[in-house]
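Computed from a prediction, not measured in an experiment: that's the story for all the values here.
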Amino acid sequence: MSVVVNVENLVKRYKELVALDHFNLTINEGEIFGLLGPNGSGKTTTINCILSLLQYDKGTIKVFGEEMKPNSYHIKNKIGVVMQNVAVFDTFTVYENIDYFCGLYIKDKTYRKQCVDEAIEFTGLNEYVKFVPKKLSGGLLRRLNIACGIAHKPKLIFFDEPTVAVDPQSRNRILEGIEQLNRDGATIIYTSHYMEEVEQLCSRIAIMDRGKNVAIGTKEELKKMIRNTENITIEVVGIESIDIDKIRQFSHVMNVLYEKNMLKVSYEGGKHNLVRVLDYLQSRQLSFGRVYTEMPTLNDVFLEITGTALRD
């Protein structure tokens with residue numbers, strides 16, 4: 001398996017602020033690689049440095065085995081970028097927008113038309129080719145943004161928050177499209193604030209914080225890095241603070257939260273944890289409704305490793 005992106009010892013400063021602090025990253029061919037981090041962690045700076053849109057102070061960046069420079073157009077021709085902010089021309093139709101961006105990479109008109117038609121088919125924009133962007137819904141506008149970024153058939157594609165503020169149908173179509181691009185041979189770098197998307201799509205995930213890569217691995221490997229092993233959630237009415245304190249004293253309990261009639265107990269190891277909690281509620285004659293237990297999620301991993309919510 002060849003390395004598509006290799007970042008070594010990357011440092012980027014904005015005066016006194018160290019945005020990237022000796023950052024390292026390796027992405028292999030064929031991966032859908034998730035890049036996560038709270039706001040200000042350095043994700044956007046990392047992407048801009050990899051794309052050679054931003055000068056950095058120290059380190060090396062290689063893409064497809066070659067050093068990435070601002071004039072490395074032969075490398076950039078193999079890269080597609082779909083950023084969070086939709087970047088299309090308001091006065092161009094859907095077809096004209098895709099044709100323009102594809103034309104930045106492909107000069108042969110016959111082949112370019114084939115690529116544009118395939119991008120339109122791929123994103124499901126066939127019925128909207130004559131529409132201007134302001135006539136499109138948010139979901140269709142996102143799909144247009146994707147079509148403009150992938151029409152030239154790049155081998156490496158950056159997706160930055162591609163499903164923000166779209167309807168569920170468009171969201172599912174976008175996610176399915178990303179998986180198809182990967183099956184067709186593209187390596188994907190994916191950033192999102194939606195943890196369930198990252199869990200669904202990504203073969204490996206890096207968690208950034210304060211300019212450093214603080215954890216990397218598959219979602220299973222990341223979950224093994226944290227103390228939390230089980231989360232129990234119970235719908236219960238009338239529980240009191242004394243009950244919360246009692247449950248906190250159970251063996252292996254890490255944390256107890258009670259909000260909107262939902263009791264959540266997080267555990268570090270232990271067996272028969274659910275039985276113990278239910279036995280206690282019954283002994284207190286507290287009636288309960290829905291009960292479910294789950295392994296830690298990627299969001300639990302993120303919170304424990306960084307100590308902050310993803311959108312902080």
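Checked options L10, N9, T45; the residue passing with F23 is L10 (criterion: side-chain contact (heavy atoms from CB on, under 4.5 Å)).
Taking the charged nitrogens against the carboxylate oxygens, R227 and E268 do have a contact shorter than 4.0 Å, which makes a salt bridge. A salt bridge between R112 and D108 is absent, with no side-chain N of the basic residue lying under 4.0 Å from a carboxylate O of the acidic one. Electrostatic pairing of E221 and R204 does not count as a salt bridge here, judged by no charged N lying under 4.0 Å from a carboxylate O.
Residue pairs meeting the salt bridge (charged side-chain N to carboxylate O under 4.0 Å, His left out) criterion with at least one member in residues 187-201, sequence neighbours excluded: R171-E196, R171-E197, E199-K223.
Judged purely by distance below 3.5 Å, without hydrogens or angles, the side chains of N228 and E230 never pair a donor atom with an acceptor atom. No side-chain donor from either of E29 and T187 sits under 3.5 Å from a side-chain acceptor of the other.
The side-chain heavy atoms of P133 and L141, taken from C-beta on, include a pair separated by under 4.5 Å. You'll find the side chain of I150 reaches within 4.5 Å of the side chain of F122, heavy atoms only.
Pairing each heavy atom of H252 with each of G269, the nearest pair is CB-O, 3.6 Å.
Ring pair F92/F89 is tilted by interplanar angle, where 30° to 60° counts as tilted.
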Return a table of donor-acceptor pairs under 3.5 angstrom between the side chains of residues 238-250 and protein atoms on other chains or two or more places apart.
from	atom 1	to	atom 2	distance (Å)
D243	OD1	Y280	OH	2.7
D243	OD1	R284	NE	2.7
D243	OD1	R284	NH2	3.2
D243	OD2	E240	N	3.0
D245	OD1	R248	NH1	3.4
R248	NH2	V256	O	3.3

